[in-house]
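Before I ask anything, let me first share the structure, which is written out below as structure tokens.
Predicted model, so just to flag it, every value in this text is computed and none were measured.
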Amino acid sequence: MTPQAPKWMSQVLLLAALYNILWGAWTVFFPDSWFDLTAATRPNYPQLWQCIGMIVGVYGIGYAAASLNPFRYWPVVLVGLLGKIFGPMGFVWALAGGVFPPAFGLTILTNDLIWWLPFGLILLATYRQFMSETILPDSPEQLAKRLQHVQVALPDGQQRILAHLSENTPVLMLFLRHAGCIFCKEALFDLSQSLSRLNAAGIETVVIMMSDMPRMQQLMADYPLAGVFALSDPERHVYKAFGLGRGGVGQLFSWTVIKRGLAAALHGHQQGMLEGDGFQMPGAVLLKNSQLVSQWVFQNAAEVLDVEAVLKAAS
């Protein structure tokens, strides 16, 4: 389960929510007031300024939702902090070009600068909390016992016990992250392209995600992946059993990962909403008779499964 954050984090986000909603409403209903107070020229299109107020107000709703569990909804805080950093940067650029008088930037103090420290502390505490987890994979005996209780399902609803599925048959367990992850969608597409070769080699395939089963089955049907089993593991019990833990900043947000994300987007895959633990790393294992044959520990969130290595390990 996602740990509960300290109370002060929720209080900060509620204050930010209240401020954003009030500021946004003021800007929407009185778009010229701040320009008049700072002796700035009124805009020719006040609707654009009202649109900014609307966006700020909507952020407030996001902060209110994130206050329910700041550790779980840390991406909302991250996006908010980025906006509060890039906004002042844009104002400095406009100020240098003589677009606005200096007094117009006073709103940056309350809109942006005073939130840098608390938002930054929330993100730092979230990172430390999630990175403090220690993963000890199951022993072979523990793993064999656990797999006797793990059920996997086909798209048509048929279920199998994972231990029974691996009897005298190699089973590829592809650990992805969640149904909103762009790399997970790319991995499912790649799997659909390699599925015939895996089937020809007698390999059964199981996809594991933190998303719930309906979301998984909907996503897998889009590719499609008939004959591939699914396992929903929102509490990450099976991930941990195989020693798959959380990744660091470099593994999740490095330039390599960003470039791979852009490439995946250009190929038609779309990033969705975060579901589950955003720090969870992907990976893959090959089982047979409930025993670990091979394991591939991915070094970053964008790493691609080496199907040739799977086929070689299963032969």
Side-chain angles (χ1 to χ4, degrees), residues 1-3 133-179 181 184 187-188 191-192 194-195 197-221 224-247 275-277 279-298 305-307 309-315:
M1 297 292 289
T2 304
E133 179 184 58
T134 300
I135 298 293
L136 295 176
D138 285 359
S139 67
E141 296 77 15
Q142 291 173 323
L143 185 61
K145 184 177 180 180
R146 181 188 296 273
L147 297 183
Q148 292 287 343
H149 303 281
V150 175
Q151 286 189 331
V152 295
L154 286 171
D156 61 7
Q158 296 184 52
Q159 295 187 340
R160 294 283 301 276
I161 299 295
L162 190 50
H164 299 167
L165 185 65
S166 72
E167 289 178 356
N168 302 314
T169 301
V171 174
L172 170 64
M173 298 181 66
L174 180 57
F175 289 86
L176 302 179
R177 303 178 68 230
H178 59 88
C181 172
C184 301
L188 291 178
L191 178 61
S192 70
S194 305
L195 192 57
R197 298 180 64 199
L198 294 170
N199 291 340
I203 300 173
E204 295 282 5
T205 305
V206 178
V207 172
I208 302 94
M209 288 187 184
M210 294 178 289
S211 299
D212 60 32
M213 188 61 77
R215 284 278 290 133
M216 287 188 64
Q217 291 176 331
Q218 178 185 9
L219 181 63
M220 292 171 67
L225 289 167
V228 174
F229 290 87
L231 171 60
S232 174
D233 186 24
E235 303 302 331
R236 305 165 53 241
H237 296 309
V238 183
Y239 288 89
K240 294 177 183 179
F242 287 94
L244 294 174
R246 297 181 173 113
E275 300 172 12
D277 189 331
F279 290 94
Q280 177 63 51
M281 287 290 289
V285 300
L286 190 68
L287 293 177
K288 191 172 183 179
N289 295 319
S290 298
Q291 299 296 314
L292 185 63
V293 176
S294 293
Q295 182 167 11
W296 295 270
V297 178
F298 291 0
L305 176 67
D306 187 345
V307 176
V310 175
L311 294 170
K312 182 178 180 180
S315 61

Look at the side chain of Q148 and the backbone N and O of A163, then say whether any donor-acceptor pair between them is shorter than 3.5 Å.
-> no

Check P137 against G243 and note the closest heavy-atom contact, atom names and distance.
-> CB-N, 3.7 Å

Please name the pair of heavy atoms, one in A226 and one in L195, separated by the smallest distance, quoted to 0.1 Å.
-> O-CD2, 3.8 Å

Quick one: are R236 and M210 in side-chain contact, heavy atoms under 4.5 Å?
->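 The answer is yes, as the side chains (C-beta and beyond) meet within the 4.5 Å cut-off.
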
When rounded to the nearest 0.5 angstrom, what distance separates CD1 in I208 from CE in M173?
-> 4.0 Å

Going by heavy atoms in the side chains, are V310 and I203 under 4.5 Å from each other?
-> yes

Separation between CG (L287) and CG (L165), nearest 0.5 Å, reads 9.0 Å

Correct closest heavy-atom pair for A187 and L176 would be CB-CD2, 3.7 Å

If every non-hydrogen atom of P170 is compared with every non-hydrogen atom of L286, which pair is closest and at what distance?
->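 Nearest heavy atoms, P170 then L286: CB-CD1, 4.2 Å.
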
Indicate yes or no: at least one non-hydrogen side-chain atom of V238 is less than 4.5 angstrom from one of L162.
-> no

How many angstroms lie between atom CZ of F279 and atom CZ of R177, to the nearest 0.5 angstrom?
->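 Rounded to the nearest 0.5 Å, the CZ-CZ separation comes to 9.5 Å.
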
Are D156 and Q158 close enough, and set up right, to give a side-chain hydrogen bond (donor to acceptor under 3.5 Å, both in side chains), and what steps lead you there?
-> CA-CA 6 Å; D156 61 7; Q158 296 184 52; 2.6 Å; yes

Report the distance from atom CD of Q217 to atom CE of M213, rounding to the nearest 0.5 Å.
->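 Result: 5.5 Å between the selected atoms.
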
Test item: L191 and V207 side chains (from C-beta on) under 4.5 Å apart, heavy atoms |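 Heavy-atom side-chain distance check passes, below 4.5 Å.
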
Is there a side-chain contact between V171 and K288 (heavy atoms, below 4.5 Å)?
->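 In short, these two side chains do not touch, never coming nearer than 4.5 Å.
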
Mind checking what makes salt bridge (Lys or Arg N to Asp or Glu O under 4.0 Å) contact with R146, not counting sequence neighbours?
->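 With neighbours one apart ignored, the set is D138.
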
Pairs where residues 150-175 contributes a residue and the test ring-ring contact (aromatic ring centres under 6.0 Å, His included) is met, not counting sequence neighbours | F175-Y239, F175-F242

Where do L244 and P282 come nearest, in terms of heavy atoms and distance?
->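 Smallest heavy-atom distance, with atoms named: CD2-O, 4.1 Å.
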
Distance from S211 atom OG to M216 atom CE, nearest 0.5 Å?
->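 S211 atom OG to M216 atom CE measures 7.0 Å (nearest 0.5 Å).
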
Minimal heavy-atom distance between T169 and E204, with the atoms involved, is CG2-CG, 3.8 Å

Test side-chain contact (heavy atoms from CB on, under 4.5 Å) applied to M209 and D233, L231, L219, L174, the passing residue |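 It is L219, the one option of D233, L231, L219, L174 that forms the side-chain contact (heavy atoms from CB on, under 4.5 Å) with M209.
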
So how far is it from D306 CG to W296 CH2, rounded to the nearest 0.5 Å?
-> 8.5 Å

